[in-house]
Amino acid sequence: MNVGIIGFGKTGKAVASVLLESKKTKLQWVVRRSRLLEHRSVPEFLGVESAEPGCIHSKEEFSADELFSRFPVDAVIDFSSESGLEYYGDAAADHGVTIVSAISNYQKTTLRRLHKLSKRTVVMHSPNITVGINFLLIAAKILKTIAPYTDIEVIEEHFKMKKEVSGTAKIIARTLGMEVESIKSVRAGGIIGVHEILFGFPYQTVRLKHESITREAFGNGILFAVENLKGKPKGFYSMEDLLLPYFKLQGSGSGWAEG
Ligand SMILES: NC(=O)C1=CN([C@@H]2O[C@H](COP(=O)(O)OP(=O)(O)OC[C@H]3O[C@@H](n4cnc5c(N)ncnc54)[C@H](O)[C@@H]3O)[C@@H](O)[C@H]2O)C=CC1
Ligand SMILES: O=C(O)C1=N[C@H](C(=O)O)C[C@H](O)C1
């Protein structure tokens, strides 16, 4: 699958390195704000051997329409910022390019715009694209259904410079019917991303916890997403939509629960 990345910052670089290593994707280009490194290649920048072009472009160089026409991709992956969609959204829909947006904190208006684009192409949005956190979210929903009486706390930990409350934590809180103001945030050092959902039962505590050890974890999530979006009809998808089919365990089951 031919892919392009918008945003070549902390996470875009890590995701690009994972995509270059994968045989499932071919990195055609990355688009960044600055003209620095223009026309160099991501493999060269990362110092890795790769036959993939991974050409570095600045958003000033081409319109997105020109970019998709000259360097076609099957999917565009967004690790830029809220404003990234303005640059590529319409052109992606015009060219039938799948949109995978990983922007964690969208304003309502931008989210509505993304939904509108999903009428014209496949769109996936995930504020946290790791398989682990989305599995946790499904597990938390199940546990809350089993034990609606528990006290629940959502704790998120990130690197010192992250200003906003994590988009992941907000989705978790909203999914569990909690106020986003109740989220506990820790900012320290270079923590990549930790999310914990604590269920306080009367005589026990259940902690569902996920830790992104390096930003390459998000690259693995992207690989899962593009693989599972293949062949999907136009529409709006979350990582949960892609994970749920895997919850139907095959066979009679051989777990310990059968005693
Ligand atoms: N969904 C997920 O799993 C994850 C989401 N994120 C989100 O991804 C975004 C980027 O995170 P970081 O890489 O840590 O930030 P960063 O600030 O290190 O990198 C963002 C890059 O995108 C560029 N950029 C911003 N707006 C742009 C535009 N309109 N066009 C082209 N380039 C643009 C910036 O110049 C910068 O180089 C944030 O919203 C963050 O919350 C980050 C990690 C995981
Ligand atoms: O900014 C980040 O880095 C991350 N942001 C996402 C969020 O805000 O939820 C996801 C991940 O935790 C890393």
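Order of listing sets the numbers, starting from 1, for every ligand and every atom in it.
The closest heavy-atom contact to atom 19 (O) of ligand 1, among the options Gly193, Gly9, Gly7, comes from Gly9. In this comparison of Ser80, Pro127, Gly219, the heavy atom closest to atom 33 (C) of ligand 1 sits on Ser80.
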Check ligand 2 for close polar pairs with the protein: N or O on both sides, less than 3.5 Å.
| residue | atom | partner | partner atom | Å |
| --- | --- | --- | --- | --- |
| ligand 2 | 1 (O) | Lys162 | NZ | 2.9 |
| ligand 2 | 5 (N) | Lys162 | NZ | 3.3 |
| ligand 2 | 8 (O) | Lys162 | NZ | 2.9 |
| ligand 2 | 8 (O) | Gly167 | N | 3.0 |
| ligand 2 | 9 (O) | Gly167 | N | 3.2 |
| ligand 2 | 9 (O) | Thr168 | N | 2.8 |
| ligand 2 | 9 (O) | Thr168 | OG1 | 2.5 |
| ligand 2 | 12 (O) | His158 | NE2 | 2.6 |

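Contact check on Glu156 versus Arg187 returns a salt bridge, with a Lys/Arg side-chain nitrogen under 4.0 Å from an Asp/Glu carboxylate oxygen. Using a cutoff of 4.0 Å between basic side-chain nitrogens and carboxylate oxygens, Glu61 and Lys59 are not scored as salt-bridged. Using a 4.0 Å cut-off between a side-chain N of Lys or Arg and a carboxylate O of Asp or Glu, Asp90 and Arg113 qualify as a salt bridge. Between Lys232 and Asp241 there is no salt bridge, since no side-chain N of the basic residue sits under 4.0 Å from a carboxylate O of the acidic one. Checked for salt-bridge contact, Glu196 and Lys184 miss the test: no charged N lies under 4.0 Å from a carboxylate O.
An N or O contact shorter than 3.5 Å is missing between Phe159 and ligand 1 by distance. By the 3.5 Å distance cut-off applied to N or O atoms, Ser126 is counted among the residues near ligand 1. The N/O atoms of Arg32, backbone and side chain alike, include none that comes under 3.5 Å of an N/O atom in ligand 1.
Per-residue contacts place Gly84 under 4.0 angstrom from the following atoms of ligand 1 (heavy atoms of the residue considered): 29 (N). Of all atoms in ligand 1, listed by their number and element, those nearer than 4.0 Å to a heavy atom of Thr11 are 11 (O), 12 (P), 13 (O), 14 (O), 42 (C), 43 (C).
A 6.0 Å sphere centred on CD of Gln204 holds more than 12 heavy atoms belonging to other residues, nucleotides or ligands. Heavy-atom contacts from other residues, nucleotides or ligands closer than 6.0 Å to CD of Glu211 number more than 12.
For atom 15 (O) of ligand 1, the nearest non-hydrogen atom of the protein is Lys10 NZ, 3.7 Å. Scanning the protein heavy atoms around atom 29 (N) of ligand 1, the nearest turns out to be Ser83 OG, 3.0 Å. In terms of protein heavy-atom proximity, atom 30 (N) of ligand 1 is closest to Lys59 CD, 3.5 Å. Taking atom 32 (N) of ligand 1 as the reference point, the nearest protein heavy-atom neighbour is Arg33 N, 3.6 Å. Protein heavy atom in closest approach to atom 26 (N) of ligand 1: Ser81 OG, 2.8 Å. Closest protein heavy atom to atom 40 (C) of ligand 1: Ser104 OG, 3.8 Å. Given atom 3 (O) of ligand 1, the protein heavy atom at minimum distance is Ile129 N, 2.7 Å. Summary of contacts: the protein heavy atom closest to atom 8 (O) of ligand 1 is Phe79 CD2, 3.8 Å.
Without hydrogens or angle criteria, Thr25 side chain to Leu27 main chain gives no donor-acceptor distance under 3.5 Å.
Remark: the Asp65 side chain and the Ser63 side chain contain no N/O donor-acceptor pair separated by less than 3.5 Å. Inspection of the Ser101 and Tyr106 side chains reveals an N or O donor paired with an N or O acceptor under 3.5 Å. A donor-acceptor pair shorter than 3.5 Å can be found between the side chains of Glu216 and Thr214.
Cation-pi geometry between Arg32 and Tyr87 is not met: the NZ or CZ atom fails to fall both under 6.0 Å from the ring centre and inside 45° of the normal.
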Next item on the list: May I have the step-by-step check of side-chain contact (heavy atoms from CB on, under 4.5 Å) for Arg33 and Ser58, ending in yes or no?
Entry: CA-CA 5 Å; Arg33 252 195 198 132; Ser58 95; over 6 Å; no
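For Phe218, every heavy-atom contact with ligand 1 shorter than 4.0 Å involves the side chain, none the backbone. Neither the backbone nor the side chain of Ser212 comes within contact range of ligand 1; no heavy atom lies under 4.0 Å.
Just one of Ile77, Val122, Asp78, Val76 meets the side chain to side chain contact (heavy atoms under 4.5 Å, CB included) condition when paired with Val100; it is Ile77.
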